[in-house]
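To start, I am sharing the structure in question, which I have written as structure tokens.
Proteins get letters first, then strands, A, B, ... in listed order; numbering begins at 1 in each.
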Protein chains: 2
Amino acid sequence: MSTEAKSCKIKEIRAIDLDRYESVSKILSALSNKTRIAIIEAAMNYGEVCACEMQHALGLPQTTITTHLRKMYDIGLLKQREVWKYSYYSVNPEYERLVSDLLDCNANVILPSDIPRSKNKAKRR
Amino acid sequence: MSTEAKSCKIKEIRAIDLDRYESVSKILSALSNKTRIAIIEAAMNYGEVCACEMQHALGLPQTTITTHLRKMYDIGLLKQREVWKYSYYSVNPEYERLVSDLLDCNANVILPSDIPRSKNKAKRR
DNA sequence: GAGTCATATCGTAATATCTTAATATAACGT
DNA sequence: ACGTTATATTAAGATATTACGATATGACTC
């Protein structure tokens with residue numbers, strides 16, 4: 001009937017190199033875990049956190065906490081300061097802004113998890 | 001020798017409820033994948049993207065693209081507009097700001113992947 | 001009605017991540 | 001020297017995610 005909307009703008013979008021997103025995806029992976037978000041928020045709020053503190057605050061075994069801290073340290077999200085037998089971790093300055101932006105939107109985020117979102121074109125057989 | 005730095009501020013950090021971070025972690029999970037970041041960036045740049053366009057731009061099979069689109073749609077990150085046989089996806093307005101903030105930091109992010117970061121206190125046996 | 005196109009769902013194999021016990025280490029107090 | 005404390009590493013099972021072939025649908029064209 002109409003001449004418009006009969007085709008998508010196929011190939012108008014030029015080839016995208018996925019490797020461009022390697023680093024962001026790594027950072028976001030590190031941040032896509034409840035426990036790690038909790039740790040990183042505490043690190044932001046308190047300036048730095050000690051591994052043993054997070055153990056108490058989160059009620060998780062020591063190895064679990066250390067593993068998460070290590071993961072964030074490995075990709076450079078956290079930096080480490082060792083004093084006596086304690087290990088203090090803080091958010092690496094270069095990521096402070098990103099992290100704080102992310103945490104800010106925590107309150108705003110409302111997941112439409114209850115809203116049924118299945119308008120299947122292809123019905124199951 | 002010194003009286004300072006002999007203890008961490010144990011238990012000063014009060015108990016943290018991990019469920020608080022359920023929604024953010026879901027959003028971040030949806031964003032922690034190269035392909036999905038590529039799709040969402042294209043959706044931001046072009047206003048909306050058609051599934052078949054992303055297929056061409058990314059050079060990935062149709063099912064792969066659809067699966068990723070569906071995932072982002074399911075958690076509410078993308079909204080869908082169906083015209084004829086085409087399916088256009090765009091970033092849900094409520095997430096536009098967050099997404100654009102995240103994409104902004106893509107350029108800035110430099111992963112210290114090459115820097116050796118193993119200062120193991122506990123050496124392997 | 002057969003063929004095509006864009007899209008969606010299912011099933012599954014490969015891969016990655018999470019959690020945690022077992023274990024190790026370094027530094028301290030006794 | 002032994003016990004304790006804080007932390008780190010390794011290993012392994014459980015669980016989740018990813019990529020994608022096979023397949024189905026709906027709407028068009030011929």
Open item on the list: Distance check needed: C:dA6 P versus B:Glu48 CD, whole Å only.
Closed with: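 Taking atom P of C:dA6 as the reference, CD of B:Glu48 is at 16 Å.
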Task: Selected nucleotide, minimal atom distance to A:Tyr86 side chain, candidates C:dT7, D:dC20, D:dA6 - done: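 Among C:dT7, D:dC20, D:dA6, the one nearest the side chain of A:Tyr86 is D:dA6.
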Open item on the list: Heavy atoms from C-beta onward define the side chain here; which of C:dC18, C:dT19, C:dA22 lies closest to that of A:Arg36?
Closed with: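 Comparing C:dC18, C:dT19, C:dA22 against the side chain of A:Arg36, the answer is C:dC18.
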Open item on the list: Taking 4.0 Å as the cut-off, does a side-chain nitrogen or oxygen of A:His68 come that near to OP1 or OP2 on C:dT17?
Closed with: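 Negative; the distance criterion is not met.
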Task: Closest listed nucleotide, where the reference is the side chain of B:Trp84 and the choices are D:dC20, D:dC28, C:dA8 - done: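 Of the candidates, D:dC28 comes closest.
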Task: Which nucleotide in C:dA21, C:dT7, D:dA19 has an atom nearest any side-chain atom of A:Pro61 - done: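 It is C:dA21.
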- [ ] Measure the distance from CD1 on B:Ile37 to C1' on D:dT17 and round it to the nearest whole Å.
- [x]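 So the two atoms are 15 Å apart, to the nearest Å.
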Open item on the list: For A:Tyr88 and A:Tyr86, take the angle between the two ring planes, folded into 0 to 90°, and tell me which bin it lands in: parallel under 30, tilted 30 to 60, perpendicular over 60.
Closed with: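 Geometry flag for A:Tyr86 against A:Tyr88: tilted rings.
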Task: Nucleotide nearest B:Thr64 when distance is taken to its side chain, options C:dT19, D:dA19, D:dT5 - done: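 That would be D:dA19.
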Task: Spacing of B:Glu82 atom CD relative to C:dC5 atom P, expressed in whole Å - done: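 Rounded to whole Å, this separation is 20 Å.
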TODO: Starting from the C-alpha separation in whole Å, work towards a yes-or-no answer on side-chain hydrogen bond (donor to acceptor under 3.5 Å, both in side chains) for B:Glu41 and A:Tyr21.
DONE: CA-CA 10 Å; B:Glu41 186 175 64; A:Tyr21 306 100; 2.3 Å; yes
TODO: Select from B:Ser29 and A:Gln55 the residue whose nearest nucleotide in DNA chain D is closer to the 5' end of that strand.
DONE: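 The answer here is A:Gln55.
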Open item on the list: If you only use heavy atoms from C-beta on, which nucleotide in D:dC20, D:dA8, D:dT7 is closest to the side chain of A:Cys52?
Closed with: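 Minimum distance to the A:Cys52 side chain belongs to D:dT7.
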Task: Check: B:Gln62 side chain, C:dA6 base, donor-acceptor under 3.5 Å - done: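 Looking at the base of C:dA6, it does not pair with any donor or acceptor on the side chain of B:Gln62 (distance under 3.5 Å).
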TODO: Work out which heavy atom in B:Gln55 is nearest to a heavy atom in B:Ile65; give both atom names and the distance.
DONE: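 What the structure gives for the nearest pair is CA-CG1, 3.9 Å.
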- [ ] Give the nucleotide from the list C:dC5, C:dT19, D:dT18 with an atom nearest to the side chain of B:Asn33.
- [x]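 The listed nucleotide nearest to B:Asn33's side chain is D:dT18.
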Open item on the list: It should be established whether B:Tyr89 places a side-chain nitrogen or oxygen under 4.0 Å from OP1 or OP2 of nucleotide C:dA8.
Closed with: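 So the side chain of B:Tyr89 is within the cut-off, an N or O lying under 4.0 Å from OP1 or OP2 of C:dA8.
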Task: Considering all heavy atoms, the nearest A:Tyr73-A:Leu78 contact - done: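 Residues A:Tyr73 and A:Leu78, closest heavy atoms: CD1-O, 3.5 Å.
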- [ ] May I ask you to evaluate whether A:Arg70 reaches the phosphate of D:dA8, defined as a side-chain N or O under 4.0 Å from OP1 or OP2?
- [x]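 No.
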- [ ] May I have the distance from A:Tyr88 (atom OH) to D:dA8 (atom P), rounded to whole angstrom?
- [x]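 Result: 12 Å.
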Open item on the list: Categorize B:Lys71 for me: base, sugar-phosphate, or nothing, with a 4.0 angstrom heavy-atom threshold over every strand shown.
Closed with: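 B:Lys71: backbone/sugar contact only, no base atoms under 4.0 Å.
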Task: A:Ile75 CD1 to A:Leu28 CG distance, which is reported to the nearest 0.5 Å - done: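 Interatomic distance, A:Ile75 CD1 to A:Leu28 CG, rounded to 0.5 Å: 9.0 Å.
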Task: Rounded distance in Å - CG (B:Leu58) to P (D:dC20) - done: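 Those two atoms, CG and P, are 11 Å apart.
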- [ ] Round to a whole Å and report the spacing from CD of A:Glu53 to P of D:dT5.
- [x]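 The distance from CD of A:Glu53 to P of D:dT5 comes to 17 Å, rounded to the nearest Å.
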TODO: For B:Ile65 and D:dC20, give me the distance from atom CD1 to atom P, rounded to whole Å.
DONE: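 Value for this atom pair: 9 Å.
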Open item on the list: Testing the 3.5 Å rule here: is there a donor-acceptor pair between the side chains of A:Thr66 and A:Gln62?
Closed with: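 A donor-acceptor contact under 3.5 Å links the two side chains.
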Open item on the list: Any side-chain N or O of B:Thr67 below 4.0 angstrom from OP1/OP2 of D:dA19?
Closed with: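 For D:dA19, neither OP1 nor OP2 has a side-chain N or O of B:Thr67 closer than 4.0 Å.
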TODO: Let me know the distance between CE of B:Met54 and P of C:dT7, rounded to the nearest Å.
DONE: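 For the pair B:Met54 CE and C:dT7 P, the rounded distance is 12 Å.
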TODO: Identify which nucleotide among D:dA8, C:dA8, C:dT19 has an atom closest to any side-chain atom of B:Thr63, counting heavy atoms from C-beta outward.
DONE: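 Of D:dA8, C:dA8, C:dT19, C:dA8 is nearest to the side chain of B:Thr63.
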Open item on the list: Using heavy-atom distances to pick each residue's nearest nucleotide on DNA chain C, tell me which of A:Thr35 and B:Leu69 is more 5'.
Closed with: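 Final value for this comparison: B:Leu69.
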